[in-house]
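Contents: one structure, followed by commentary.
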Amino acid sequence: MGKALEARGVSARFNEQVILREVTLQMPANQVTAIIGPPGCGKSTFIRCLNRLHETTPGATLSGEVLLDGHSVYDMDPTEVRRSVAMIFHRPNPFPTMSILDNVAVGLRLHGLRNRARLAESAEQALRRAALWDEVKDRLHLYSSVLSLGQQQRLCIARALAIDPVVVLMDEPASTLDPLSTLVIEELIEELKRQYTIIIVTHNLQQAARVADKTAFFLDGEMIEQGTTTALFTTPQDKRTADYVTGRFG
Amino acid sequence: MTRVSYKTGRKLKNALFVSILSLMTSLAVLPLLSLLWSIGVQGVAALVGLFGAPLSRGAASAVLASALVQSLITAAASVAIAMPLGVAAAIYSSQYAGLRAGRTIRFIMDILSGLPSILSGMVVFVLLSGVSSMLAGVLALVLYMLPVVVRMADQVLVAVPVAYIEGSLALGASRIQTIFAVVLPTAGKNLVTALLFVVARMVGETAPLLVILDGGATFQGKAGFQPLPLRLYSALAQGGSVSHQIVYAEALILLAIIVAVYGLARWVGRSDR
């Protein structure tokens, strides 16, 4: 089951440049929360704060609190946080030196699982959950570069699911994919939210409307408005939100 | 009429520039080729001459063989010390150091690798107060190689895409796990190639060793630390027909080693494997 995530007054900077200002947002368990906004509004930085990846970039600092099921992730070991809060990146990034199978198993292996049979079993499970198993089951030992971009992205999803997270962060997961692969990913998201809490960053408004239960609109590092997806798109309270969702800018 | 003359003029100009460029290229390449040719021809003749004679203690061929062995041992020992140290430093500068620290390390390594190699020999000479030995030679070469290794390995490691590193961190891998599971394997082939180039450069290096050689013994061809490049130098200094022969034999062997290492580096670096 997924767990709820909550950001309280999260601010982030790169050196002197302020990227996020005091963002507070609740992301309910087993729901899809979409973060929308024009490029450079801080939406990617925001989800990178949720799994503590932001701080790995030189010059990055932040303040505020992120709570996973009520516990502050900034009081936990970052590697523990990232095991619970998995991440999918905008460009598929399977490890080029590993086979398809190893790509999925690598997370578990890094966490100490050595038993080959159990690794293979978990990998198969993850690949099935990522709707990729049938397409790769005969070529598990080939390099991941034989897969199409859309398949590579689902491989990355399988890699993330294999370590049994409770939250899955997705940073524009379909932005480099063709429409058909995008559809497959969106259907997958619908399926995954039964087991995981999903937070998806997207600049594609239709995508947010299609997949998200809840949507938050970011602009210039601030969270302008949040609400159920239907409410945000049909009856936005803030003029800037209305302008954005009706396509007047962005 | 105007069209034809325009065309001829353009062709003439083109021919002129092509011939000037070809001439320049030949000027650059021909001396090198003639050097390789003379070393090749005379070297083979010298090797046949030297090793055709029965092997005996003190014979030119024995001295040569000893120089070769010393060269290989010195090179192997300095590589064994400099590579792990240098790669570790490069891992630090590329993966752990912040932007400013990384830049500082790179700047210092650039300066150090640009220093004349004879200086590293001098430092070791002073440190060991003039003792000439294989150890001193190894130390001098390590000192000479280290900044080059750090800089080259750093360049290769920095080129590993951040996307892979973040992909690994996002799975809950620690920094050190990420380095061994993702960064080093991804850099792998390029790293080995870069390090082999450093080895090829180092094998023929004479200057740092020149300083620490035990003058008298070496020049009289007696015992003492004398790897190939040094043998070559002292044989040249001795003069005479036997030493002329030795010089060519040694030059050929040295060249062969360097070509072999470069060849290996290119083979490892080939993209289609």
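A note on names: the letters A, B, ... follow the listed sequences, proteins ahead of strands, and every chain is numbered from 1.
Taking non-hydrogen atoms and a 4.5 Å limit, the residue list of residues 151-165 of chain A in contact with chain B, ordered by number, reads Arg159(A), Ala160(A), Ile163(A). Listed in order of number, the residues of residues 158-170 of chain B that approach chain A to under 4.5 Å between heavy atoms are Ala163(B), Tyr164(B), Glu166(B), Gly167(B), Ser168(B), Leu169(B), Ala170(B).
Within 6.0 Å of atom OH in Tyr262(B), more than 12 heavy atoms from other residues, nucleotides or ligands are found, so the atom counts as buried in its surroundings. With a 6.0 Å radius and a threshold of 12 heavy atoms from other residues, nucleotides or ligands, Arg109(A) has its CZ atom above the threshold. The neighbour count for Lys193(A) NZ, taken as heavy atoms of other residues, nucleotides or ligands under 6.0 Å away, is above 12. Surrounding CZ of Phe180(B) are at most 12 heavy atoms belonging to other residues, nucleotides or ligands under 6.0 Å away. No more than 12 heavy atoms of other residues, nucleotides or ligands lie within 6.0 Å of CZ in Arg266(B), so this atom counts as exposed by the packing criterion.
In terms of heavy-atom proximity, Ala181(B) sits nearest to Leu110(A) at CB-CD2, 4.0 Å.
Residue Arg175(B) touches chain A through its side chain alone, counting heavy-atom pairs closer than 4.5 Å. Heavy atoms of Thr97(A) lying under 4.5 Å from chain B belong exclusively to its side chain.
The candidate with the highest count of non-hydrogen atom pairs below 4.5 Å against chain A, out of Thr186(B), Leu171(B), Thr178(B), is Leu171(B). Ranking Val106(A), Leu53(A), Thr79(A) against chain B, the residue ahead of the rest is Thr79(A), based on heavy-atom pairs under 4.5 Å.
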